[in-house]
Amino acid sequence: MDGVRIQGLVKRYGDVTAVAGLDLTIPAGERFALLGVNGAGKTTALRMLSCLTRPTAGDALVCGKSVVRQPRAVKALIGLSPQETAVAANLTVRENLLFMAGTHGMERRAAADRTEELTQALGLGEVLSRRAGRLSGGWQRRLSIAMALVSRPRVLFLDEPTLGLDVLARAALWEVIRGLQGVTVLLTTHYMEEAEALADRVGVMAGGRLLCADTAAALKARAGTDRFEDAFVAIVKEAGLSCGC
Amino acid sequence: MRMLTFSRRTAREVLRDPLTVLFGLGFPLVLLGLLTAIQKNIPVPLFALESLTPGVAVFGMAFLTLFAAMLIARDRSTSFLRRLYTTPLTGWDYILGYTLPLVPMGLIQSGLCYAAAALLGLPVTADTVRAVLAGLPMCLFFIALGLLCGTVFTDRQVGGLCGALLTNLTAWLSGAWFDVTMVGGWFQRTARALPFLHGVELQRALLRGEAAGGHLAWTLGYMAAAIVAAAAVFARGMKKD
């Protein structure tokens with residue numbers, strides 16, 4: 001079964017079309033990056049897929065469940081790390097993880113075990129007893145991803161996961177994301193190198209439309225360039241859209 | 001179970017914020033001590049403990065609005081709520097989870113005001129206990145107002161509206177610091193139309209051992225209206241998000 005199957009997804013806010021007929025299939029276990037400049041429609045697409053906003057038209061199946069007709073079932077299958085860090089500032093890292101486990105109805109023992117697993121997997125041990133609000137941006141992002149993973153989601157949505165991080169913190173977080181096994185990952189980013197480094201396939205979005213979706217190597221070959229950034233600009237210009245530069 | 005998880009988190013967030021202790025408890029107690037000291041030197045009937053303590057107790061509760069609104073507005077601005085909207089939590093889990101932990105905090109805050117007043121000389125009787133418990137409708141009113149403001153306004157706006165405007169309105173229109181009949185006119189009519197004065201008069205009447213059905217009805221009415229409005233606005237905000 002596909003991790004995500006998007007069929008003609010549209011979102012309009014009044015006269016503004018944020019997402020204009022998105023079609024995309026992401027096989028289970030794939031890491032897929034939606035790449036685009038600000039306002040391309042990436043975050044809106046992610047919000048529809050995570051049942052935060054209802055599509056104006058179209059539908060999407062997350063592990064076979066419809067975001068329009070079965071939002072509760074979809075919510076049980078997904079984890080979301082929003083663009084902002086979205087942590088409880090006055091709770092410690094451990095308490096944040098236990099809290100998320102509680103919101104998913106986990107028993108105390110299971111919640112503690114899951115917290116321990118994620119602490120090990122994401123290397124949170126050294127900050128486990130520190131309040132989330134006092135952590136650096138990099139640690140907060142790492143915690144944010146751990147919180148999204150608490151419920152053992154089959155599909156993980158990461159909205160601009162390294163936004164605002166310095167080079168070292170970004171590299172550390174890339175390692176974390178690369179280490180995620182057995183989960184379908186859909187991430188949005190406007191960093192070319194991030195999409196190229198993390199994703200099995202990259203979808204280029206502009207003006208609310210998905211212009212193409214392929215491996216980074218194939219997109220570069222298509223544009224006749226060795227640099228992924230040049231390929232991105234060429235693809236957007238070819239579609240007759242402003243690249244936002 | 002999920003609601004209790006959410007309640008525990010609300011309690012921790014609020015209690016670990018130093019502003020809670022500073023404004024929620026410290027400020028009202030300092031006011032009580034200062035005005036009692038003034039009363040000893042220049043006796044004013046309004047500042048006698050039987051009259052002053054209910055005013056300080058209700059004024060202190062106004063900070064519950066700030067605590068609730070600030071927490072919710074921050075949860076919105078940091079996308080924490082957005083993250084939670086992708087979990088199985090229901091609308092009632094949020095509303096009760098934000099509200100319930102603040103109720104004992106409000107009553108404890110009020111109880112400590114009365115305890116401090118007792119140390120300063122307020123006689124403690126069954127009427128005192130009734131007066132503390134009679135703070136419940138105003139406590140829920142202020143918390144519901146916080147839920148509503150936190151859902152509608154940003155954390156910066158909440159600071160101004162709930163931190164400055166509401167506490168001043170409560171101070172002026174509750175009859176805690178001066179008798180509204182001395183101003184009279186539209187000011188007195190406004191004070192009588194709002195819940196703050198009734199919240200204070202309710203506790204004053206109970207301390208005197210008098211019936212206070214009218215004041216109780218006003219505060220209960222405002223409490224119910226605020227809860228319904230907050231729940232409706234929050235539920236609408238959830239859908240909008």
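Quick note on labels: first sequence line is chain A, next is B, and so on, each numbered from 1.
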Notebook entry, point to check: Under a 4.5 Å heavy-atom cutoff, which of A:Ala89, A:Ser50, A:Pro71, A:Ser144 has the most pairs with chain B?
Noted result: A:Ser144

Next item on the list: Quick one: list whatever passes salt bridge (charged side-chain N to carboxylate O under 4.0 Å, His left out) with A:Asp23, sequence neighbours left out.
Entry: none

Note to self: With heavy-atom distances below 4.5 Å as the criterion, would you say the side chains of A:Val87 and B:Thr78 are in contact?
What the structure shows: no

Notebook entry, point to check: For B:Asp75, is it the side chain, the backbone, both, or neither that has a heavy atom closer than 4.5 Å to a heavy atom of chain A?
Noted result: neither

Check: Do other residues, nucleotides or ligands put more than 12 heavy atoms under 6.0 Å from A:Arg134 CZ?
Finding: no

Item checked: Atom pair CG (A:Leu52) and CG (B:Leu81), whose distance is rounded to the nearest 0.5 Å -> 11.0 Å

Next item on the list: With rounding to the nearest 0.5 Å, note down the distance linking OG1 in A:Thr53 to CZ in B:Arg82.
Entry: 9.5 Å

Notebook entry, point to check: After noting the C-alpha distance and the side-chain angles of A:His104 and B:Arg2, does the key distance pass the side chain to side chain contact (heavy atoms under 4.5 Å, CB included) rule?
Noted result: CA-CA 7 Å; A:His104 285 280; B:Arg2 290 186 174 112; 5.5 Å; no

Note to self: Tell me whether the count of non-hydrogen atoms from other residues, nucleotides or ligands lying under 6.0 Å of CZ in B:Phe23 goes above 12.
What the structure shows: no

Next item on the list: Please flag which part of A:Thr85 lies under 4.5 Å from any non-hydrogen atom of chain B: side chain, backbone, both or neither.
Entry: backbone

Item checked: Interface moiety of B:Leu15 toward chain A, non-hydrogen atoms closer than 4.5 Å -> neither

Notebook entry, point to check: Would you say the side chain of B:Arg83 lies within less than 4.5 Å of the side chain of A:Met100, judging by non-hydrogen atoms?
Noted result: yes

Item checked: Minimum heavy-atom distance between A:Thr103 and B:Pro88, given as atom pair plus value -> O-CD, 3.6 Å

Check: Does atom CH2 of B:Trp172 have more than 12 heavy-atom neighbours from other groups under 6.0 Å away?
Finding: no

Check: Tell me, do A:Lys75 and B:Thr87 make a side-chain contact under 4.5 Å, heavy atoms counted?
Finding: no

Item checked: Any donor-acceptor pair under 3.5 Å from B:Arg12 side chain to A:Asn90 backbone -> no

Check: Salt bridge between A:Glu95 and B:Arg16, side-chain N to carboxylate O under 4.0 Å?
Finding: yes

Checklist line | Which atoms of A:Ser151 approach chain B - backbone, side chain, both or neither, heavy atom under 4.5 Å | finding: neither

Next item on the list: Please flag which part of A:Ala88 lies under 4.5 Å from any non-hydrogen atom of chain B: side chain, backbone, both or neither.
Entry: both

Margin query: Side chains of B:Phe80 and A:Met147, heavy atoms from C-beta outward: is any pair under 4.5 Å?
Written below: yes

Margin query: Using 30° and 60° as the class boundaries, would you call the ring planes of B:Phe6 and A:Phe99 parallel, tilted or perpendicular?
Written below: tilted

Notebook entry, point to check: Counting heavy atoms not belonging to A:Glu107, are there more than 12 under 6.0 Å from its CD?
Noted result: no

Checklist line | Which portion of A:Arg54 sits near chain B, non-hydrogen atoms under 4.5 angstrom | finding: neither

Note to self: If I measure from the heavy atoms of chain B, does A:Ala101 come under 4.5 Å with its side chain, its backbone, both, or neither?
What the structure shows: neither

